[in-house]
Asks: 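Encoded as structure tokens, here's the structure I'll be asking about.
Start at 1 with the first residue, then count along the sequence. Counting convention: from 1, in listed order, for ligands and their atoms alike.
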Amino acid sequence: MKLVIAVVQDKDSNKLAQNLVKEDIRATKLASTGGFLHAGNTTFLIGVEDHLVDRVMQIIQRSCKAREQVVAPMSPMGASMESYIPYPVNVQVGGATVFVLDIERFEQF
Ligand code: 2BA
């Protein structure tokens with residue numbers, strides 16, 4: 001069994017959740033925050049049998065799209081100097097950042 005962890009943009013999270021339900025794949029949605037943009041995103045925990053991992057990847061791929069986002073300069077007062085960006089920059093975010101982990105044991109009580 002595998003655990004697929006997918007970080008997706010909030011804009012794509014409903015579509016991904018619906019497509020997973022349609023294909024009878026169970027998932028948990030967590031509200032998360034990107035470390036770089038400090039913007040909200042959504043993290044999906046999806047536990048599946050090994051043979052379903054590729055199908056899950058396809059569903060994620062077709063549900064999530066990459067978008068350009070402008071990072072506005074932030075006041076160094078409100079953020080640490082390490083993350084201070086003095087001018088606006090364009091970054092490409094997503095479609096999705098996906099990790100696949102081996103599950104040692106799975107129980108439901
Ligand atoms: P954020 O950390 O807010 O990053 C948003 C986007 O900013 C990233 O898109 C990337 O294009 C850019 N970015 C991130 N760190 C950067 C840096 N140090 N310098 C320049 N540009 C940088 P994605 O790569 O598509 O990532 C989207 C979100 O996925 C991330 O939001 C984060 O929440 C998650 N993520 C990405 N890589 C990860 C990783 N290795 N581990 C954990 N979470 C990750």
Asks: Same cluster for F99 and V56 if Ile/Leu/Val/Met/Phe/Trp/Tyr side chains link at under 4.5 Å?
Replies: no
Asks: Is any N or O atom of V93, backbone or side chain, closer than 3.5 Å to an N or O atom of ligand 1?
Replies: no
Asks: Around atom 28 (C) of ligand 1, find the nearest protein heavy atom and jot down its residue, atom name and distance.
Replies: N41 ND2, 3.9 Å
Asks: Considering heavy atoms of the protein only, find what lies nearest to atom 38 (C) of ligand 1 and give residue, atom and distance to 0.1 Å.
Replies: T97 CG2, 3.9 Å
Asks: Less than 4.5 Å apart, any side-chain heavy atom of V8 and any of N41?
Replies: no
Asks: Roughly how far, to the nearest 0.5 Å, is CZ of R26 from CD of Q108?
Replies: 6.5 Å
Asks: Between atom CD1 of I59 and atom CG of D54, what is the distance when rounded to the nearest 0.5 Å?
Replies: 11.0 Å
Asks: Return the option from H38, Q92, R67 holding the heavy atom at the smallest distance from atom 9 (O) of ligand 1.
Replies: Q92
Asks: Checking the N or O distance criterion of under 3.5 Å, is ligand 1 in contact with F99?
Replies: no
Asks: Heavy atom of G35 under 4.0 Å from ligand 1?
Replies: yes
Asks: Quick test of your reading of the model: are D24 and R55 salt-bridged, counting only N-O distances below 4.0 Å?
Replies: no
Asks: Atom CD of residue position E107 - does it have more than 12 heavy atoms of other residues, nucleotides or ligands inside 6.0 Å?
Replies: yes
Asks: Drop me the distance from C64's SG to K11's NZ, to the nearest 0.5 angstrom.
Replies: 13.0 Å
Asks: When you measure from atom 7 (O) of ligand 1 to every protein heavy atom, which one gives the shortest distance, and what is it?
Replies: F36 CD2, 3.2 Å
Asks: Which protein non-hydrogen atom lies closest to atom 31 (O) of ligand 1, naming both residue and atom, and how far is it?
Replies: G34 CA, 3.5 Å
Asks: More than 12 heavy atoms of other residues, nucleotides or ligands under 6.0 Å from CD of Q61: is that the case?
Replies: no
Asks: Considering only non-hydrogen protein atoms, determine which one is nearest to atom 3 (O) of ligand 1 and report residue, atom name and distance to 0.1 Å.
Replies: L37 N, 2.8 Å
Asks: Do any N/O atoms on V91 end up under 3.5 angstrom from N/O atoms on ligand 1?
Replies: no
Asks: When you measure from atom 23 (P) of ligand 1 to every protein heavy atom, which one gives the shortest distance, and what is it?
Replies: G94 N, 4.0 Å
Asks: Geometry only, no angles: is V7 polar-contacting ligand 1 at N/O separations under 3.5 Å?
Replies: no
